[in-house]
Amino acid sequence: MSDAQISALTSSAYQQALEVIASVEPRIAEATRQELTDQRGSLKLIASENYASPAVLLTMGTWFSDKYAEGTVGHRFYAGCQNVDTVEALAAEHARELFGAEYAYAQPHSGIDANLVAFWSILAHRVEGPWLEKYGAKNVNDLTAEDWETLRHELGNQRLLGMALDAGGHLTHGFRPNISGKMFHQQQYGTDPETGLLDYDVVRAKAKEFKPLVLVAGYSAYPRRVNFAKMREIADEVGATLMVDMAHFAGLVAGKVFTGDEDPVPHAHIVTTTTHKSLRGPRGGMVLATEEYAPSVDRGCPMVLGGPLSHVMAAKAVALAEARQPAFQTYAQQVADNAKSLADGFLSRGATLVTGGTDNHIVLLDVSSFGLTGRQAESALLDAGVVTNRNSVPADPNGAWYTSGVRLGTPALTTRGFGHDEFDNVAELIVHVLQNTQPGTTKAGGPSKASYTLGDGVADKVKDASAEMLDKHPLYPGLELS
Ligand code: DSN
């Protein structure tokens with residue numbers, strides 16, 4: 001179907017859908033229209049966001065939403081799941097083919113759900129493997145109450161080693177206030193204080209000393225690639241299961257930008273992901289695993305999850321089918337190239353970047369050199385129509401709330417068609433905003449970490465310059481709502 005045909009059909013589908021919604025709750029229809037206007041009119045640089053295709057978006061708005069389907073393909077706790085079976089099987093098939101995985105599980109509702117499924121699968125796998133033998137049982141049902149008591153104690157004493165939040169790891173990688181930091185004894189590895197880069201020798205030394213059951217690799221704010229072959233070597237040396245959370249960079253794996261040692265799928269026992277970030281699908285999660293771990297991951301429901309979101313699984317299948325097209329590889333390469341252009345744009349204007357640059361889709365700008373906190377920078381940028389999120393930098397003196405960094409990502413604007421020149425211009429506009437933002441003071445007259453003053457005319461100047469680029473690369477071109 002041509003782009004023009006898609007635009008015409010999508011315009012009429014959404015126009016009519018919004019009229020139906022407005023007949024029940026007009027304020028929701030209005031907010032939905034406004035969201036499109038806002039997304040169209042701003043520079044979306046949040047590294048974890050993207051724009052899904054009309055096909056993906058439309059797939060989510062159907063009657064699959066009304067069906068319960070707890071269980072797994074062909075083995076449901078509800079009748080009438082034949083069409084959900086088709087959907088889930090297709091999503092898993094596309095995922096296996098796209099990533100070259102032995103097994104795929106499409107049910108997790110989000111990234112944290114996917115990680116919980118992975119954690120409990122790893123624990124279940126250990127119970128059902130050598131531990132069953134230890135108790136002389138054929139399966140978990142043969143375990144006595146006393147066996148379970150001992151097992152609970154042993155399971156509750158398992159260890160997890162993951163990347164620290166302020167080094168770029170995720171909450172679910174063992175951050176103490178998160179459930180992952182409570183269900184496991186956790187330790188964290190950081191990055192080199194000088195270079196900001198992962199030091200595999202340090203990870204190895206920590207792993208040898210701590211002997212984790214789970215070694216977690218992956219990140220949500222680390223602007224560099226990871227060598228997963230090395231992480232697997234470390235996991236094998238200490239008998240750990242290697243779990244890679246590729247939520248952020250799944251699109252770069254799917255698009256064959258990360259191959260060989262940088263592709264987690266051939267190296268990890270379990271890989272988790274979201275589907276809505278660089279992968280450009282619907283909001284949701286997914287788990288990939290080796291055959292060895294497949295039986296325990298397959299019990300994600302009922303072990304961790306309730307009823308799968310069938311309408312979202314259908315949209316995952318559509319998005320994964322899109323990602324299997326050659327055009328997705330061109331897109332993924334452009335995401336990485338654009339991140340480099342953005343980073344170079346900052347460096348050539350004297351800004352400071354964590355690790356000194358990027359080789360994935362993330363740029364982490366240290367805004368302390370502008371005399372600002374991340375919170376002040378994020379707010380001033382938003383005033384100028386630049387949507388980012390504040391983020392800790394390693395050993396951040398301002399903590400996780402105010403922070404000293406701003407995280408930027410290229411997946412969304414690359415989907416709109418931005419290239420090298422636009423991203424260089426984006427760097428210039430951001431530097432212009434930050435150079436013209438003054439930190440404020442508290443009521444007591446001390447330095448504030450939140451308030452700020454943006455110079456006169458700066459926001460309008462940046463919005464005008466952005467509008468020129470945004471108009472040249474419209475979001476959902478041809479989609480018109482009256
Ligand atoms: N919230 C996601 C992100 O922004 O990276 C991760 O959970």
Side-chain angles (χ1 to χ4, degrees), residues 39 42-52 108-119 160 162-181 186 188 191 216-226 243-254 258 264 271-287 304 312 316 335-336 339 342 354-355 358 360-365 374-375 377-379 381-382 386-394 396 399-415:
Q39 291 205 22
S42 55
L43 288 175
K44 189 200 263 209
L45 287 159
I46 292 182
S48 48
E49 293 186 5
N50 210 328
Y51 303 106
H109 310 334
S110 67
I112 186 167
D113 280 0
N115 285 352
L116 278 176
V117 168
F119 292 147
L160 175 144
M163 193 178 201
L165 191 68
D166 73 348
H170 189 253
L171 289 172
T172 53
H173 299 178
F175 185 54
R176 203 178 281 280
N178 181 262
I179 188 168
S180 58
Q186 56 78 30
Q188 309 258 272
T191 46
V216 184
Y219 51 80
S220 54
Y222 179 66
R224 295 290 175 176
R225 302 182 187 193
V226 172
M243 170 180 155
V244 175
D245 179 346
M246 66 167 183
H248 256 266
F249 51 91
L252 299 184
V253 178
F258 290 3
V271 177
T272 59
T273 188
T274 53
T275 45
H276 51 273
K277 298 187 174 94
S278 54
L279 195 52
R280 210 165 59 182
R283 188 159 291 273
M286 209 161 61
V287 182
V304 173
V312 180
K316 286 174 191 171
V335 166
L342 182 64
V354 173
T355 79
T358 180
N360 55 25
H361 62 296
I362 295 172
V363 173
L364 188 53
L365 184 58
R375 170 96 188 259
E378 176 195 83
S379 303
L381 288 167
L382 186 63
V386 184
V387 189
T388 64
N389 70 280
R390 63 187 185 280
N391 207 99
S392 303
V393 301
D396 200 314
W401 180 250
Y402 292 108
T403 81
S404 304
V406 169
R407 186 187 66 166
L408 307 154
T410 51
L413 289 178
T414 303
T415 294

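Side-chain atoms are counted along with the backbone in the values below, which use heavy atoms only and exclude waters and symmetry mates. Index from 1, following the sequence. Both counts, for ligands and for their atoms, begin at 1 and track the order of listing.
Among all protein heavy atoms, the one lying closest to atom 2 (C) of ligand 1 is Lys277 CE, 3.8 Å. Residue, atom and distance of the protein heavy atom nearest to atom 1 (N) of ligand 1 are Ser48 OG, 4.6 Å.
Side chains of Ser220 and Arg407: a donor-acceptor N/O pair is absent below 3.5 angstrom, by distance only. Side-chain contact, Thr403 with Arg390: no donor N or O sits under 3.5 Å from an acceptor N or O.
Between His248 and ligand 1, a contact under 3.5 Å exists for at least one N or O pair.
Atom CZ of Arg283 sits in a sparse spot, with 12 or fewer heavy atoms from other residues, nucleotides or ligands closer than 6.0 Å.
How far CD1 of Ile362 is from CZ of Arg224: 11.5 Å, rounded to the nearest 0.5 Å.
Distance remark: protein heavy atom present below 4.0 angstrom from atom 7 (O) of ligand 1.
Contact atoms of ligand 1 toward Ser220: 5 (O) (distance under 4.0 Å to a heavy atom of the residue). Heavy-atom contacts of His170 reach the following atoms of ligand 1: 6 (C), 7 (O) (cutoff under 4.0 Å).
Within the 4.5 Å cutoff, the side chain of Val312 has no heavy atoms near those of the Thr275 side chain.
Side chain of Ser278 to backbone of His248: a donor-acceptor contact under 3.5 angstrom is found.
The shell of residues lying under 4.0 angstrom from ligand 1, judged by heavy atoms, includes Arg407.
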